[in-house]
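Fair warning: this is a prediction, and the values are worked out from it, not measured in the lab.
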Amino acid sequence: MTKLKTLLISASIAACVGMNSAHAQSHDHSAHGGHAAHGAAEESPAAKAYNEANRQMHDAMDVEMTGDADVDFMRSMIPHHQGAVAMARIVLEHGKDPEVRKLAEDVIATQEVEIKFMKDWLAKHGYGD
């Protein structure tokens, strides 16, 4: 799997989780009589974990911009990738589909390498922890 494909898949997962979280927060499901099962799914351990991972990722991505496009990209992408790793770990804990679990393993492996690269790059350019 190419890095670009993994990045795009990770971004898609993050966007989907974000949309689900926003949808859950903006809709009162009690007013939709036929959505009881949907509400129950939102309370599952996996859904709770995804919502928390998504919240943490978005909070961490709210970095103060430096005006340097390269630095700002790296600083913003680290928590984005960390969010993808967190979501992939949730799949490994709760998911059952072998193809999805394999993708999650690939996401973890690829994203962890890229996180290290970005942190090393930032340190080399005077933006280390």
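Interatomic distance, CE of Met77 versus CD1 of Ile115, reported as 9.5 Å (0.5 Å rounding).
Residues satisfying the side chain to side chain donor-acceptor pair (under 3.5 Å) test with Arg89, not counting sequence neighbours, are Glu112. Judged as a salt bridge (Lys or Arg N to Asp or Glu O under 4.0 Å), and not counting sequence neighbours, Asp68 has no contacts. When the side chain to side chain donor-acceptor pair (under 3.5 Å) test is applied to Thr66, the partners found at least two apart in sequence or on another chain are Asp72. Residues meeting the side chain to side chain donor-acceptor pair (under 3.5 Å) test with Glu93, sequence neighbours left out: none. Residues that satisfy the salt bridge (Lys or Arg N to Asp or Glu O under 4.0 Å) test with Glu105, not counting sequence neighbours, are absent from this structure. Under the side chain to side chain contact (heavy atoms under 4.5 Å, CB included) criterion, Ala109 pairs with no residue at all, not counting sequence neighbours. Residues passing the ring pair (Phe, Tyr, Trp, His ring centres under 6.0 Å) test with His94, sequence neighbours excluded: none. Looking at residues two or more places apart in sequence or on another chain, you find a side chain to side chain contact (heavy atoms under 4.5 Å, CB included) between Gln56 and Glu52. Partners of Asp97 according to the salt bridge (Lys or Arg N to Asp or Glu O under 4.0 Å) rule, which considers only residues two or more places apart in sequence or in another chain, do not exist here. Scanning for side chain to side chain contact (heavy atoms under 4.5 Å, CB included) contacts around Ala86 gives Ala53, with sequence neighbours left out. For Ala104, the side chain to side chain contact (heavy atoms under 4.5 Å, CB included) partners two or more places apart in sequence, or in a different chain, are Ala88, Val91, Leu92. For Asp62, there are no side chain to side chain donor-acceptor pair (under 3.5 Å) partners at least two apart in sequence or on another chain.
The shortest non-hydrogen separation linking His125 to Tyr127 is O-CD1, 3.1 Å. Lys48 and Glu43 make their closest contact through CE-O, 3.3 Å (heavy atoms, listed as atom of the first residue, atom of the second, distance). In plain terms, the two heavy atoms of Met57 and Gly83 that are nearest each other are SD-CA, 3.8 Å. Pairing each heavy atom of Tyr50 with each of Met87, the nearest pair is CE2-O, 3.6 Å.
Between Val71 and Trp121, the closest side-chain pair of non-hydrogen atoms falls below 4.5 Å. Between Val85 and His81, every side-chain heavy-atom pair lies at or beyond the 4.5 Å cut-off. Inter-residue side-chain proximity for Asp120 and Lys124 is flagged as unmet; no heavy-atom pair is nearer than 4.5 Å. Inter-residue side-chain proximity for Val113 and Gln111 is flagged as unmet; no heavy-atom pair is nearer than 4.5 Å.
Using a distance-only test at 3.5 Å, with no hydrogens or angles considered, no donor-acceptor pair links the side chain of Arg75 to the main chain of Val63.
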